[in-house]
Amino acid sequence: MSDKTPAAETGAHIPAGHYCFKLGDWQVMALHEGVTSRERPENFVRNASEDEVESAFVRIGLPAGQLSLTFTTLAIDTGRNLILIDTGFGENGEATTGRSMANLAAAGYDASQVSAVLISHFHGDHITGLLRKDGTPAFPNADVHVPGPEWDFWMDDARMAAAPAAQQRTFILARKVFGALGARVKTFQWDEEVLDGIRSVRADGHTPGQSAFDIRSGGERMMAVADITNNPLIFARFPHWQAQFDMDGDRAVQTRRRILGEAAREKTLLYFYHAPFPALAYVAEREDGYEYFPALWR
Ligand SMILES: [Zn+2]
């Protein structure tokens with residue numbers, strides 16, 4: 001017997017991991033960032049009853065009354081570049097988060113090798129990890145590519161002044177993070193080839209400027225769809241549901257149906273930021289929504 005306190009008791013240990021697979025000529029790595037759980041806010045889905053929402057959560061095995069979330073970031077080694085899509089919380093989140101960098105290291109890479117970070121939108125779970133706890137860049141050699149429409153919204157001082165309290169912290173966080181990164185930050189527009197083989201796709205509604213990414217290499221394709229759903233096991237099945245976190249609920253529903261509909265028709269491999277690890281799946285159309293199929297590991 002070891003006299004060390006078991007990791008399970010300290011809460012220090014979070015299970016695996018990282019999952020690597022080939023997309024064409026590229027090596028892609030899903031990196032588990034962590035999990036959070038808290039009481040589900042009242043009216044979490046604006047246009048469904050508490051009973052409907054509770055039964056949808058419980059049906060897939062989630063704890064009653066809770067909002068449990070999981071986070072997965074994505075790294076891509078193109079042979080020339082190491083690209084990261086969204087950062088997670090890094091050193092600045094709850095103890096059950098911030099695992100992406102340890103998992104990147106487990107895959108054999110170092111944060112200093114990251115040459116580009118692509119950001120889907122400016123919510124804290126996606127950008128907080130751009131800085132270390134001491135405020136210095138977590139990826140010292142990376143350019144940080146952000147959606148122009150997202151930048152225009154969150155960096156607008158008049159909008160910040162007029163925003164409800166719940167949104168203030170995102171305005172403040174965006175100023176802190178991107179202020180510290182200065183000229184490393186580059187904006188891109190929707191439908192632009194941000195990097196070779198990676199095109200941005202309009203995905204607004206969750207936030208005003210969210211971008212998905214259409215990723216192609218060697219004749220293979222996948223889409224990083226960020227937060228077009230909260231938990232996709234729920235919101236693919238009920239695509240018309242408007243979660244509290246969707247700033248423009250109607251637009252979020254339109255975006256969800258457009259991207260999931262196309263992915264269902266074209267059998268596109270999807271990476272959802274809030275799906276169970278390794279967060280890779282296919283969807284298929286059903287009467288009033290989409291069925292979610294975890295992708296087989298390969
Ligand atoms: Zn998110």
Side-chain angles (χ1 to χ4, degrees), residues 14 30-38 40-41 44-46 57 62 66-75 84-94 96-101 103 117-131 138 144-147 149-151 153-154 166-174 177-178 200-213 223-236 238-239 241-249 251-253 255-256 259-260 270-281 292:
I14 294 173
L31 308 172
H32 195 223
E33 160 67 12
V35 296
T36 60
S37 198
R38 65 185 131 119
R40 194 169 63 241
F44 174 62
V45 178
R46 293 187 198 103
F57 273 73
L62 292 174
Q66 294 289 298
L67 180 59
S68 299
L69 280 174
T70 176
F71 311 85
T72 296
T73 61
L74 199 79
L84 186 65
I85 301 183
D86 290 336
T87 66
F89 297 93
E91 299 173 354
N92 311 296
E94 295 174 36
T96 52
T97 65
R99 301 296 301 163
S100 292
M101 286 310 98
N103 285 320
V117 182
L118 305 186
I119 295 295
S120 64
H121 67 291
F122 289 3
H123 279 160
D125 52 327
H126 298 256
I127 67 168
T128 305
L130 279 166
L131 298 185
V144 177
H145 301 267
V146 307
E150 190 76 349
W151 178 271
F153 180 85
W154 295 108
Q167 277 173 23
Q168 287 296 333
R169 60 192 175 144
T170 305
F171 282 96
I172 293 165
L173 179 68
V177 168
F178 299 119
S200 64
V201 174
R202 176 174 195 158
D204 54 333
H206 177 62
T207 61
Q210 182 174 241
S211 181
F213 299 101
M223 287 264 285
V225 298
D227 287 13
I228 65 163
T229 68
N230 185 264
N231 186 330
L233 291 168
I234 293 168
F235 288 87
F238 303 104
W241 280 9
Q242 303 185 8
Q244 258 178 27
F245 302 148
D246 293 338
M247 290 170 64
D248 180 338
R251 171 63 76 174
V253 168
T255 292
R256 191 173 305 136
I259 292 179
L260 294 184
L270 300 176
Y271 149 58
F272 291 90
Y273 192 75
H274 294 297
F277 186 76
L280 300 163
Y292 178 96

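Please read all numbers here as calculations on a predicted model, not as lab measurements. Order of appearance sets the numbers: ligands from 1, and atoms from 1 within every ligand.
Side-chain contact of Ser211 with Glu150: a donor-acceptor pair under 3.5 Å is absent, judged by distance alone.
No donor-acceptor distance shorter than 3.5 angstrom exists from the side chain of Asp246 to the backbone of Ala252, with no hydrogens or angles considered. No side-chain donor-acceptor contact under 3.5 Å links Glu33 to the backbone of Thr72. Looking only at distances, a side-chain donor or acceptor of Tyr273 sits under 3.5 Å from a matching main-chain atom of Asp125.
Between His274 and Phe71, the angle of the ring planes goes over 60°, which puts this pair in the perpendicular group of the 30/60° scheme. In this structure, Phe235 and Trp241 have perpendicular ring planes: the angle between them is above 60°, well past the 30° mark.
Neighbours of the Zn ion (ligand 1) restricted to protein N, O or S atoms under 2.8 Å: the count is 4.
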